[in-house]
Amino acid sequence: MDRQSVMEKLTKLFRDEFDDDELVIFEDTTPDDIDEWDSMAMVSLMSNIAGEFSLKFSMGELKNIHSVGDIVHVILNRL
């Protein structure tokens, strides 16, 4: 799977999580860019991402996620 495919899947997951079909994310998108992206949304997002990509994230990985790009990086390193 390539970076673009990961971003397409993440975009769908983010749109579902935030109930916004127009939401556009980039690798430099952070929780500061999306008002509803709080700690509870992060837990839900990461759970959905883990399910979509059939991954389990370690606490160390989760602690180091600060942007969409960080999520992409972890996914690509694990696939």
Side-chain angles (χ1 to χ4, degrees):
M1 180 170 293
D2 64 6
R3 198 168 212 86
Q4 181 177 345
S5 298
V6 170
M7 283 298 292
E8 288 171 3
K9 286 186 176 198
L10 288 178
T11 296
K12 181 184 179 331
L13 292 169
F14 270 75
R15 287 178 175 175
D16 290 347
E17 178 66 33
F18 299 112
D19 195 28
D20 182 352
D21 292 336
E22 303 298 316
L23 181 64
V24 177
I25 59 170
F26 303 96
E27 289 198 36
D28 62 351
T29 301
T30 69
D32 292 336
D33 300 316
I34 302 173
D35 291 335
E36 297 85 12
W37 190 356
D38 58 15
S39 59
M40 292 302 292
M42 182 65 155
V43 170
S44 179
L45 264 172
M46 294 312 294
S47 175
N48 292 332
I49 291 167
E52 177 69 26
F53 291 94
S54 300
L55 298 173
K56 290 184 180 180
F57 297 103
S58 71
M59 285 306 291
E61 289 170 328
L62 293 174
K63 285 174 44 178
N64 290 317
I65 291 176
H66 305 287
S67 68
V68 172
D70 293 338
I71 298 169
V72 171
H73 178 76
V74 170
I75 292 169
L76 289 174
N77 281 341
R78 299 281 303 283
L79 293 179

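Basis for what follows: all heavy atoms, side chains included, without hydrogens, waters or symmetry-related copies.
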Quick check: does any side chain N or O of T11 sit under 3.5 Å from a backbone N or O of M7, one acting as donor and the other as acceptor? yes
I'd like to check the side-chain contact (heavy atoms from CB on, under 4.5 Å) partners of L76; sequence neighbours left out, ordered by chain and number. R3, V6, V72
Do I71 and M46 touch side chain to side chain, with heavy atoms closer than 4.5 Å? yes
So, taking the atom named CD in E8 and the one named CG in D2, what distance separates them when rounded to the nearest 0.5 Å? 8.0 Å
State which residues pass side-chain contact (heavy atoms from CB on, under 4.5 Å) with D38; sequence neighbours excluded, sorted by chain then number. M40, A41
So do T29 and F14 actually touch side chain to side chain, heavy atoms under 4.5 Å? no
I'd like to know if F26 and L13 are part of one continuous hydrophobic network [Ile/Leu/Val/Met/Phe/Trp/Tyr, side-chain heavy atoms within less than 4.5 Å]. no
Is there a side-chain contact between L23 and I34, using heavy atoms and a 4.5 Å cut-off? yes
Within the 4.5 Å heavy-atom criterion, are E52 and K12 side-chain neighbours or not? no
Do L45 and V24 sit in one hydrophobic cluster, given that two such residues count as connected whenever their side-chain heavy atoms are within less than 4.5 Å of each other, even indirectly? no
Is the backbone N or O of T30 less than 3.5 Å from a side-chain atom of D33, with the two atoms forming a donor-acceptor pair by type? yes
Which residues pass the side-chain contact (heavy atoms from CB on, under 4.5 Å) test with N64, sequence neighbours left out? none
Quick one: are M1 and F53 in side-chain contact, heavy atoms under 4.5 Å? yes
CE (M42) and OG (S39) are apart, to the nearest 0.5 Å, by 10.0 Å
Are the side chains of I75 and K9 in contact, using a 4.5 Å heavy-atom criterion? no
Are L62 and I49 in one and the same hydrophobic cluster, where Ile, Leu, Val, Met, Phe, Trp and Tyr link if side-chain heavy atoms are under 4.5 Å apart? yes
Could you tell me how the ring of F18 sits relative to the ring of W37: parallel (under 30°), tilted (30 to 60°) or perpendicular (over 60°)? tilted
Rounding to 0.5 Å, atoms OG (S67) and NE2 (H73) come to a distance of 10.5 Å
For K56 and E61, which heavy atoms make the closest approach, and how far apart are they? O-OE1, 4.1 Å
Residue pair L55 / L79, side-chain heavy-atom distance below 4.5 Å: yes
Quick check: closest heavy atoms across N48 and E17, and the distance to 0.1 Å? ND2-OE1, 3.6 Å
Over 12 foreign heavy atoms within 6.0 Å of CG, D19: no
